[in-house]
Visitor: 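Encoded as structure tokens, here's the structure I'll be asking about.
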Amino acid sequence: MSFPFSRPAGLAVAIGTLAAVGLTACGGATHAGTKAAAATTQAAPAAHGHAEAPAAAAQPAVATSAVTIDNFSFMPTAIKVKAGTTVTWTNSDEEPHSVVSSEEPMKSHTLAGPNNTFMHTFSKPGTYHYNCGIHPFMHGSVEVTA
């Protein structure tokens, strides 16, 4: 059987095709937001090949007590509430997530799948940083005022 190209060229095409298929498998729709974060930050990749998210302090805090977990990010990333407010995190991803902080004794159960929630009441003023215990590149903060 004769091919219109040389054996090394055919091998290069086969390797390129396999690489493209492998990279496509890593970039499913649920990782679109992670790719966007990787494009806007120059931080070194973290575990699971995801880029570090920009620091939560870089964004102005939004006055709300509701945080949505969507596309591997907390939205809004930074919130502001009054002391005594209960904040609710709702997972909208198919992937499991959690909410943990060492600054405020706070650790959620695994929020497996969409519409699972976690609530925590902040009693003292201060700024509390948190992340996803499963995906540590996901960060957020809660600014608590008097």
Side-chain angles (χ1 to χ4, degrees), residues 5 8-146:
F5 46 82
L11 185 58
V13 168
I15 290 171
T17 301
L18 288 173
V21 168
L23 290 174
T24 301
C26 290
T30 61
H31 289 74
T34 305
K35 286 188 219 170
T40 59
T41 182
Q42 295 179 345
H48 304 294
H50 295 285
E52 290 293 325
Q59 299 176 359
V62 176
T64 184
S65 63
V67 178
T68 301
I69 305 169
D70 189 33
N71 215 7
F72 287 86
S73 63
F74 294 107
M75 295 190 290
T77 303
I79 65 170
K80 182 186 285 191
V81 297
K82 290 186 183 271
T85 300
T86 299
V87 176
T88 303
W89 286 264
T90 303
N91 184 9
S92 293
D93 275 346
E94 294 292 328
E95 300 295 325
H97 295 288
S98 65
V99 180
V100 297
S101 174
S102 59
E103 297 168 355
E104 169 79 0
M106 178 173 72
K107 183 176 181 182
S108 75
H109 59 282
T110 299
L111 306 175
N115 300 319
N116 279 284
T117 62
F118 169 67
M119 297 187 313
H120 181 78
T121 302
F122 290 87
S123 57
K124 295 187 306 186
T127 300
Y128 303 95
H129 297 91
Y130 64 89
N131 63 282
C132 174
I134 301 168
H135 309 100
F137 60 88
M138 296 171 55
H139 297 270
S141 68
V142 178
E143 181 184 338
V144 181
T145 60

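Computed from a predicted model, the values in this text were never measured in an experiment.
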Visitor: Assess whether side chain to side chain contact (heavy atoms under 4.5 Å, CB included) is satisfied between Leu111 and Thr117, documenting all intermediate values.
Guide: CA-CA 7 Å; Leu111 306 175; Thr117 62; 5.8 Å; no
Visitor: Identify the two heavy atoms, one from Pro96 and one from Thr110, that lie closest to each other, and give their separation to 0.1 Å.
Guide: CB-CG2, 3.7 Å
Visitor: List the steps and the verdict of side chain to side chain contact (heavy atoms under 4.5 Å, CB included) for Asn131 and Met138.
Guide: CA-CA 5 Å; Asn131 63 282; Met138 296 171 55; 5.7 Å; no
Visitor: Of the non-hydrogen atoms in Glu143 and Ala61, which two are nearest, and what is the gap between them?
Guide: OE1-CB, 4.0 Å
Visitor: Centroid-to-centroid, His129 to His139, below 6.0 Å?
Guide: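 No.
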Visitor: Testing Asn91, Val99, Val100 one by one against Ser108 for a side chain to side chain contact (heavy atoms under 4.5 Å, CB included), which residue passes?
Guide: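 Considering Asn91, Val99, Val100, a side chain to side chain contact (heavy atoms under 4.5 Å, CB included) with Ser108 is found only for Val99.
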Visitor: Students often mix this up, so state it plainly: with edges at 30° and 60°, are the rings of His120 and Phe122 parallel, tilted or perpendicular?
Guide: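 Rings of His120 and Phe122: perpendicular, over 60°.
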Visitor: With a 4.5 Å limit on heavy-atom distance, are the side chains of Cys132 and Phe74 in contact?
Guide: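 The answer is yes, as the side chains (C-beta and beyond) meet within the 4.5 Å cut-off.
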Visitor: Which atom names give the shortest non-hydrogen contact between Thr88 and Met119, and what distance separates them?
Guide: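 Heavy-atom minimum between the residues: OG1-CG, 3.3 Å.
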Visitor: Less than 4.5 Å apart, any side-chain heavy atom of Met106 and any of Phe118?
Guide: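 Heavy-atom side-chain distance check passes, below 4.5 Å.
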Visitor: Does His109 reach the side chain of Ser98, with side-chain heavy atoms less than 4.5 Å apart?
Guide: no
Visitor: Would you confirm whether Ser92, through its side chain, and Thr68, through its main-chain N or O, come within 3.5 Å as a donor-acceptor pair?
Guide: no
Visitor: When you measure from the side chain of Thr64 to the backbone of Ala66, do you find a donor-acceptor pair of N or O atoms at a distance under 3.5 Å?
Guide: yes
Visitor: How close do Tyr130 and Pro76 get, counting heavy atoms only, and between which atoms?
Guide: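 Shortest heavy-atom contact: OH-O, 4.4 Å.
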Visitor: Taking side chain to side chain contact (heavy atoms under 4.5 Å, CB included) as the criterion, tell me which of Thr127, Thr85, Ile79 meets it with Val142.
Guide: Ile79
Visitor: For residues Trp89 and Ile69, report the shortest heavy-atom separation together with the two atoms involved.
Guide: CB-CD1, 4.5 Å
Visitor: Kindly say whether Asn71 contributes a backbone atom to a donor-acceptor pair with the side chain of Asp93 at under 3.5 angstrom?
Guide: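 Side chain of Asp93 to backbone of Asn71: a pair is present.
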